[in-house]
Amino acid sequence: MRTVSAAETAPTTHPWVVHAEGLRVRAGRHLAVDGLDLALGTGVHGLLGPNGAGKTTLMRALATVVEPAGGKLTLLGESVDGRADLRRVRRGLGYLPQQFGFYPRFTVREFVEYMAWLKEMPKTLVPGAVQRAIERVGLADRAGSRMKTLSGGMLRRAGIAQAIVNDPAVLLLDEPTVGLDPEQRLDFRELLRDLGVDCCVLVSTHLVEDVVAACTDVVMMNEGRLVYQGTPDDLVTQGGEGDAGDSPAERGYSALLRRHRAEAGR
Amino acid sequence: MTGHPSPSVISRYADGDLGLDEATVWTVEVHLEECADCRARLAGSAPEDVLTLLDRVSNGVDQGVTAGPAPVPERRRWSAARNRWLVWQLVPWLTMTGAVLACAVLLQAVQPSLPSLVLLLAPVAPLPGVAVAWSRGSDPAWELVASTPTAGLPLLLRRTAMVLLVVIPMLGLATDRTGVSLALALLPCLAFTTTTIALGAFIGVRLAALGLAAGWGLAVAVPAVFTADLPVVLQPGSLGVWAFIAVASAAFATTRADRFLRRR
């Protein structure tokens with residue numbers, strides 16, 4: 001049992017957990033996100049798009065790692081562009097970067113504990129939260145192993161554990177399914193559905209099947225702009241027989257992309 | 001609350017009397033949790049078979065504890081402290097700093113006619129460590145760290161403090177061996193560190209450290225080696241200026257804390 005603070009029970013005053021208006025973000029000199037409008041609420045949102053669409057750059061901007069070059073970005077009702085104080089927002093963030101670095105000498109538990117400390121969790125809650133996070137990703141039997149001894153899929157799961165350790169309100173997972181075997185991917189989908197109940201999860205992936213199976217909402221990007229936002233069922237109906245792809249969802253994906261490219265080309 | 005339940009209620013509770021209504025059982029249980037006297041009374045009025053059962057259970061638990069594996073020794077404290085203060089990537093750089101200072105001491109012993117190399121090196125000694133502690137390339141987990149609320153000036157200061165904690169004893173040892181004033185080594189060292197952080201608010205800590213070290217080397221250290229004179233800025237008279245620079249730049253850096261929220 002724990003004490004619930006007044007801040008936790010206060011009603012939210014923001015309509016969207018993540019809200020971007022005309023967002024522009026640079027990756028180096030290149031404008032990777034160019035005028036993106038996006039509004040996300042609670043649920044699991046799958047972020048799809050071809051390579052170089054700006055998915056990772058968008059994730060970095062949402063994780064407050066890079067500063068937006070223009071437009072408006074609001075997370076949890078607080079503006080995060082310019083010189084805003086990011087500490088409050090960052091406490092509610094969970095982020096798994098695409099190339100996620102770690103300290104190889106740390107054990108899994110030390111790594112997740114260190115991240116929990118960096119996320120300013122109350123000291124008394126840390127051990128329990130760390131154990132719960134490690135169990136949720138199925139790494140409990142390897143909690144004492146050093147990070148450098150883990151396989152690629154296990155590292156990915158350790159990364160997911162550190163992202164969810166603080167029960168974030170905004171969870172950003174950049175290609176979390178890379179390196180997971182089919183069984184682990186099924187477990188991961190289960191975890192996603194579980195997390196999406198009271199959290200805004202944004203999952204970037206190339207696997208259309210994952211999105212259809214586990215997401216409540218599909219967000220599609222191309223060349224830094226929003227192409228499509230809708231439900232997975234709606235994505236499936238977008239595709240016709242003539243479109244490329246082996247499943248209805250893949251056909252929907254390629255149909256949308258082709259239509260967008262044709263419009264942009266005109 | 002009127003106080004303790006009556007002894008008769010307790011003994012009926014101990015007997016497992018089904019005639020007691022649920023509300024009474026509840027209040028008795030809540031009370032028992034907090035009242036040692038009533039627990040003792042309950043233990044006294046428990047029937048014989050319950051007591052033997054309890055004895056058997058407690059004996060079984062004791063046996064299990066003695067026969068089972070020993071508890072894993074706790075060694076967590078040190079690992080937690082280590083994780084928070086030290087970035088392991090700093091170790092090679094700090095070793096290098098120590099080696100360079102040792103070389104300066106050696107050279108001084110071989111060539112006493114040179115101006116004190118330890119004094120010339122002292123201002124820039126912590127800069128490699130500070131630059132590495134806050135650069136994207138050398139911290140593998142920088143992207144993870146950058147999205148957490150701790151990231152920012154406090155974390156930079158924590159890591160800088162760690163660097164100074166290692167560098168200052170080295171300087172103490174080096175000045176002790178060559179017989180120069182410790183204050184003349186320490187104050188410029190501190191002033192350069194705080195200036196690096198203050199400048200880092202604008203151009204990034206790494207670039208600031210590089211620029212300051214290069215500037216010091218070109219403008220002061222190298223000419224001093226050629227002229228074989230200790231420069232004016234390292235004479236005892238300039239201690240006040242160094243102290244002023246250290247305090248002023250530290251104060252300035254704290255007013256620009258928001259510039260460190262995102263690592264450059």
Side-chain angles (χ1 to χ4, degrees), chain A residues 56 59-68 75 80-107 109-121 123 126-127 130 144 147-148 158-159 162-163 165-166 168 170 172 174, chain B residues 30 33 69 71-92 132-159 162 201-204 253-264:
Chain A
T56 295
M59 286 287 197
R60 282 184 158 183
L62 294 183
T64 69
V65 174
V66 293
E67 197 173 332
L75 292 180
V80 295
D81 32 340
R83 305 197 156 186
D85 185 16
L86 302 172
R87 283 177 67 148
R88 266 250 307 265
V89 170
R90 280 176 172 174
R91 265 185 225 132
L93 271 184
Y95 176 42
L96 173 71
Q98 191 173 27
Q99 282 116 19
F100 107 87
F102 55 89
Y103 304 115
R105 283 187 191 80
F106 280 26
T107 65
R109 189 186 301 279
E110 279 172 349
F111 169 66
V112 180
E113 252 171 17
Y114 181 57
M115 290 308 296
W117 174 76
L118 282 173
K119 293 179 182 189
E120 295 186 341
M121 289 182 70
K123 221 181 215 165
V126 168
V130 168
M147 297 289 281
K148 61 182 170 190
Q162 66 79 22
V165 68
N166 58 334
V170 183
L172 308 160
D174 203 347
Chain B
V30 169
E33 279 175 10
V72 179
E74 197 175 8
R75 50 155 201 95
R76 308 291 302 281
R77 264 183 191 293
W78 157 238
S79 85
R82 176 187 73 183
N83 293 354
R84 283 167 203 191
W85 287 97
L86 202 67
V87 178
W88 284 99
Q89 273 57 40
L90 283 177
V91 172
V132 168
W134 203 246
S135 77
R136 285 182 175 191
S138 54
D139 186 355
W142 77 267
E143 202 173 342
L144 281 179
V145 176
S147 68
T148 60
T150 319
L153 190 58
L155 194 65
L156 171 60
L157 290 182
R158 193 181 264 264
R159 291 183 172 178
M162 198 60 226
F202 299 103
I203 56 173
T254 50
T255 62
R256 291 287 179 275
D258 56 327
R259 314 275 313 213
F260 293 95
L261 287 172
R262 291 187 174 94
R263 211 186 282 195
R264 285 156 224 260

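Letters A, B, ... mirror the listed sequences (proteins, then strands); counts begin at 1. Worth knowing before you read on, the calculation uses all heavy atoms, side chains too, and leaves out hydrogens, waters and symmetry mates.
- Proximity to chain B (any heavy atom under 4.5 Å) is shown, for A:Y95, by both the backbone and the side chain.
- Within the 4.5 angstrom heavy-atom criterion, atoms from both the backbone and the side chain of B:A151 approach chain A.
- You'll find the side chain of A:V65 reaches within 4.5 Å of the side chain of B:W142, heavy atoms only.
- Considering only residues two or more places apart in sequence or on other chains, A:N166 meets the side chain to side chain contact (heavy atoms under 4.5 Å, CB included) condition with A:K119, A:M121, A:P168.
- Using a 4.5 Å heavy-atom cutoff, the side chains of A:R60 and B:E143 are in contact.
- Taking all atoms of both residues into account, the shortest heavy-atom contact from A:G101 to B:L144 is O-CD1, 3.6 Å.
- What you find for A:L118 and B:T148 is that their closest heavy atoms are O-CB, 3.5 Å.
- If you tally non-hydrogen atom pairs under 4.5 Å between each of A:V89, A:L96, A:T64 and chain B, the highest count goes to A:T64.
- The side chain to side chain contact (heavy atoms under 4.5 Å, CB included) test applied to A:E120 returns A:R87, A:R91, B:P149, B:T150, not counting sequence neighbours.
- A:L93 touches chain B through its side chain: at least one heavy atom from C-beta onward sits under 4.5 Å away, while N, CA, C and O do not.
- Per-residue heavy-atom pair counts under 4.5 Å with chain B were compared for A:A163, A:P97, A:P104, A:G94, and the maximum is reached by A:P97.
- Heavy atoms of A:Q162 lying under 4.5 Å from chain B belong exclusively to its side chain.
- The structure places CG of A:L86 at 11.0 Å from OG of B:S147, a figure rounded to the nearest 0.5 Å.
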